[in-house]
Amino acid sequence: MKKALYPGTFDPITKGHLEIVRNAVRIFDEVIIAVAEASEKKPLFSIDERVQLCKESLTSFPKVRVAKFTGLAVDFAEDIHTYTMIRGLRAVSDFEYELSLALMNKNLNPKIDTIFLLPDSDYLYLSSSMVKQVIQLGGSLSKFVSPNVEQAVLRKYKTLGEYHEPKKD
Ligand code: ADP
């Protein structure tokens, strides 16, 4: 059984992430989405909210399960005996960071290999932070996130009192 771990912050999960998962399930029998606590990145959503949004967005993928972890992804990989990691590569700007992360992970645990997958070109410049910014400023993003995620981002900014109502003229 070929298993792979797809670790990330997923704050929140976008259609770019989903595209990587769609490609990964063609290669692996089981894909584990591992949501990192990543408190140092000050995520908008709590880890449990991010896990829930991933689960809701992934109901049509039977070979995928969602887990959460704190600390190093390599330690979590060791805990669940899964030594292939998946990461997504967008534009060239991702490359340097992703390469150093993959090399560091291999240093920390030589059993770990990282496989890079590409999204569809529609999602090449899509990031969770861009999604949050656009929704916060009143834009609609149904092309880039699932409806549940769009609603959740909107609700979150409204609850925080940080939603900027779009101007009507
Ligand atoms: P992290 O904070 O670990 O980078 P992210 O949730 O931002 O977590 O991303 C997890 C992985 O998914 C990273 O490898 C990132 O490059 C990839 N990824 C994010 N958005 C996209 C996208 N639109 N297309 C392809 N890969 C993506």
Side-chain angles (χ1 to χ4, degrees), residues 3-28 31-58 61 63-77 79-80 82-109 112-136 139-150 152-153 156:
K3 288 196 293 178
L5 188 67
Y6 180 20
T9 313
F10 302 100
D11 185 42
I13 187 163
T14 69
K15 289 195 180 174
H17 294 121
L18 291 176
E19 185 70 18
I20 298 299
V21 173
R22 196 168 290 121
N23 291 333
V25 294
R26 282 202 284 264
I27 308 172
F28 295 96
V31 175
I32 301 140
I33 308 287
V35 180
E37 185 170 42
S39 47
E40 73 288 352
K41 292 190 178 164
K42 306 212 182 317
L44 177 66
F45 291 101
S46 72
I47 188 167
D48 290 328
E49 289 170 331
R50 284 178 279 136
V51 165
Q52 182 58 27
L53 291 174
C54 286
K55 283 185 177 163
E56 289 169 10
S57 305
L58 290 158
F61 293 91
K63 297 203 283 182
V64 176
R65 72 183 171 90
V66 183
K68 60 179 175 180
F69 72 100
T70 51
L72 291 171
V74 287
D75 291 341
F76 183 64
D79 286 348
I80 61 167
T82 302
Y83 300 103
T84 305
M85 281 198 194
I86 293 168
R87 295 285 290 178
L89 272 187
R90 285 165 288 189
V92 198
S93 50
D94 273 348
F95 183 74
E96 192 106 14
Y97 171 71
E98 291 292 340
L99 179 67
S100 60
L101 187 65
L103 289 173
M104 178 53 75
N105 285 340
K106 194 144 192 81
N107 260 295
L108 291 167
N109 185 341
I112 306 262
D113 282 311
T114 302
I115 291 189
F116 295 107
L117 295 174
L118 304 178
D120 189 271
S121 57
D122 280 358
Y123 305 129
L124 259 190
Y125 290 95
L126 177 63
S127 65
S128 298
S129 38
M130 183 88 79
V131 160
K132 285 180 285 191
Q133 261 180 41
V134 172
I135 297 176
Q136 186 181 19
S140 170
L141 273 189
S142 49
K143 191 166 175 244
F144 295 121
V145 288
S146 315
N148 61 314
V149 173
E150 184 165 15
V153 177
K156 179 64 91 178

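If you read the sequence from its start, that first residue is 1, and numbering goes on from there. Indexing begins at 1, ligand by ligand and atom by atom, following the structure's order.
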Open item on the list: Closer than 4.0 angstrom, basic N to acidic O: yes or no for Lys132 and Asp11?
Closed with: yes

Open item on the list: Could you work out, for atom 12 (O) of ligand 1, the closest of Tyr125, Tyr123, Phe116, Tyr6 by heavy-atom distance?
Closed with: Tyr6

Task: salt bridge (charged side-chain N to carboxylate O under 4.0 Å, His left out) contacts in which one or both residues fall within residues 32-46, not counting sequence neighbours - done: none

Open item on the list: Students should be able to answer this: which protein heavy-atom is nearest to atom 8 (O) of ligand 1, and at what distance?
Closed with: Thr9 N, 3.0 Å

Open item on the list: Among all protein heavy atoms in this structure, tell me which lies nearest to atom 25 (C) of ligand 1, with the distance rounded to 0.1 Å.
Closed with: Pro119 CG, 3.4 Å

Task: Closest approach of any protein heavy atom to atom 6 (O) of ligand 1, naming residue and atom - done: Phe10 N, 2.9 Å

Open item on the list: Just to verify, what does Phe10 make a ring-ring contact (aromatic ring centres under 6.0 Å, His included) with, not counting sequence neighbours?
Closed with: Tyr6, His17

TODO: Among all protein heavy atoms, pick the one closest to atom 20 (N) of ligand 1 and tell me residue, atom and distance.
DONE: Arg90 NH1, 3.3 Å

- [ ] Classify the contact between Asp94 and ligand 1 as side chain, backbone, both or neither, using a heavy-atom distance cut-off of under 4.0 Å.
- [x] side chain

Open item on the list: How far is atom 4 (O) of ligand 1 from the closest protein heavy atom, and which atom is that?
Closed with: Arg87 NH2, 3.2 Å

Open item on the list: Among all the protein's non-hydrogen atoms, which is closest to atom 26 (N) of ligand 1, and how far away is it?
Closed with: Gly88 CA, 3.5 Å

Task: Protein residue, atom and distance nearest to atom 19 (C) of ligand 1, heavy-atom basis - done: His17 NE2, 3.4 Å

Task: Backbone of Thr114 reached by a side-chain donor or acceptor of Lys106 within 3.5 Å - done: no

